[in-house]
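Take a look at the structure below.
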Amino acid sequence: MTDNEILICGAGIAGPALAYWLREGGFTVTIVERAPAPRPGGQTVDLRGAGRTVIERMGLMERARAESVDQRGLALVDTAGRVTAALPADSFGGEGIVSEIEILRGDLARLLYEASLPGTEYLFDDTITALEQDVDGVTVTFERAAPRRFGMVVGADGPHSVVRALAFGPEREFVRPLGLYTAWFTATDDLDLDGWYMMHNAPPGLVASARPGRLPGETKAGLSFRSAPLAYDRRDIAAQHELLAQRFAHVGWEAPRLLRAMRTAPDFFLDSMGQVRLDGWSRGRVALLGDAGYCATPLTGLGTSLALVGAYVLAGELATAGGDHQAALRRYDEVMRPYVDQAQQLPPGGASGYAPRSRLGIRLRDLSMRQMTRRPMRNVLAAQFAKAGNIELPAYGWGSQLTWPRQEFGV
């Protein structure tokens with residue numbers, strides 16, 4: 001084991017992106033992932049701001065555009081399906097609620113996984129069960145594989161991070177719930193969406209949504225509801241189905257069809273929304289990346305950008321630190337902190353703006369959205385959207401090219 005050997009937990013977006021850049025910096029990288037293979041499907045994610053720049057620097061933009069989902073924008077609809085407010089995708093220079101480039105999470109993860117090969121070792125169908133640090137490295141115990149030593153461990157394993165729990169403490173200390181639960185799944189019913197991401201609200205704080213998938217006849221659906229913390233078994237999918245069926249029993253628009261599709265969806269997933277907040281993203285030789293360290297929630301639309309930018313910065317700082325991983329981790333925190341703080345700012349109203357509890361609240365939210373597309377509000381919001389997603393990225397050198405002058409940067 002040498003300091004050059006790094007273990008990453010999580011093969012979603014952040015993990016493979018970090019592996020790609022670490023490999024460019026001459027590191028030996030292993031990724032452990034609980035799933036038996038890269039996870040396919042999933043909902044669409046945004047490529048915006050600096051996250052788009054990272055993809056460009058990886059040489060993946062052409063492929064990402066080829067696999068993007070064509071969406072005209074966001075449309076709010078009433079029970080009868082009539083549009084009450086709409087935000088076209090180009091309203092804010094392609095940086096709005098629906099961005100210019102929307103790609104299925106599974107498709108982006110696959111592109112990043114392929115880009116990280118060759119040179120990255122993957123341990124699928126496994127996870128970490130224990131971490132033991134000393135001055136020279138980290139001894140890692142796995143559920144299936146034999147224990148191994150690494151110079152560093154990076155948790156890129158989502159808001160319910162195993163690495164964070166082992167090295168930092170219990171989840172309740174770092175996750176701030178928004179009082180909102182969402183189920184995501186794929187429906188094969190061919191809903192008449194006309195290219196729009198459609199969203200229907202109903203009291204008390206219920207949201208049914210549907211957006212086009214990449215394949216013909218494919219719909220990416222969501223069912224969200226406001227609630228105090230719930231105790232439920234994540235493995236009991238049938239019970240989760242019943243929970244949603246009861247909550248949405250009297251909701252109109254396409255909710256009945258979505259409930260029927262939910263019961264046979266192969267990728268159904270229910271989770272609470274919460275932001276992850278820590279004072280520091282490293283403990284000794286263990287660091288956190290992406291949602292594991294600074295989940296912003298889907299309400300901000302910046303989770304993917306945070307993961308991609310964080311991977312780029314963390315790898316760049318490690319590559320230029322001359323083996324001083326503590327200095328690299330301090331710099332990673334200093335560089336990312338302003339960007340993360342801004343990206344975690346929720347849109348006006350937060351969960352209440354997304355899922356109003358009353359009919360009056362829904363009407364006021366719809367009115368507010370209609371105002372967003374009018375000048376001068378549109379120009380002001382365009383600047384805010386662009387600023388929130390951007391950070392001036394440095395031109396890190398890789399491999400043997402580590403002698404260029406560093407470019408300082410900020411938000």
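- Using cut-offs of 30° and 60° on the angle between ring planes, the pair F268 and H241 is perpendicular.
- Using a 4.0 Å cut-off between charged side-chain N and carboxylate O, R149 and E5 make no salt bridge.
- Using a cutoff of 4.0 Å between basic side-chain nitrogens and carboxylate oxygens, E317 and R330 are not scored as salt-bridged.
- Here OG of S68 is found 11.5 Å from CG of L108. Values are rounded to the nearest 0.5 Å.
- Ionic pairing of R63 and E114 is present here: one or more N-O contacts between side-chain nitrogen and carboxylate oxygen are shorter than 4.0 angstrom.
- The aromatic ring centroids of W184 and F269 lie 6.0 Å or more from each other.
- Ion pair D125/R34 not flagged as a salt bridge, since none of the NZ, NE, NH1 or NH2 atoms sits closer than 4.0 Å to an Asp/Glu carboxylate oxygen.
- Minimum interatomic distance between Y20 and R57 (heavy atoms only, all atoms of both residues): OH-O, 4.4 Å.
- Closest non-hydrogen pair, H325 versus M152, comes out as CB-SD, 4.2 Å.
- Electrostatic pairing of E62 and R65 does not count as a salt bridge here, judged by no charged N lying under 4.0 Å from a carboxylate O.
- Aromatic ring orientation, F225 versus Y181: parallel (interplanar angle below 30°, classes split at 30° and 60°).
- In terms of heavy-atom proximity, A311 sits nearest to A14 at CB-O, 3.9 Å.
- Annotation: side chain of R105 is not in contact with side chain of Q43 (no heavy-atom distance under 4.5 Å).
- Salt bridge status for E121 with R148: present, with a side-chain N to carboxylate O gap under 4.0 Å.
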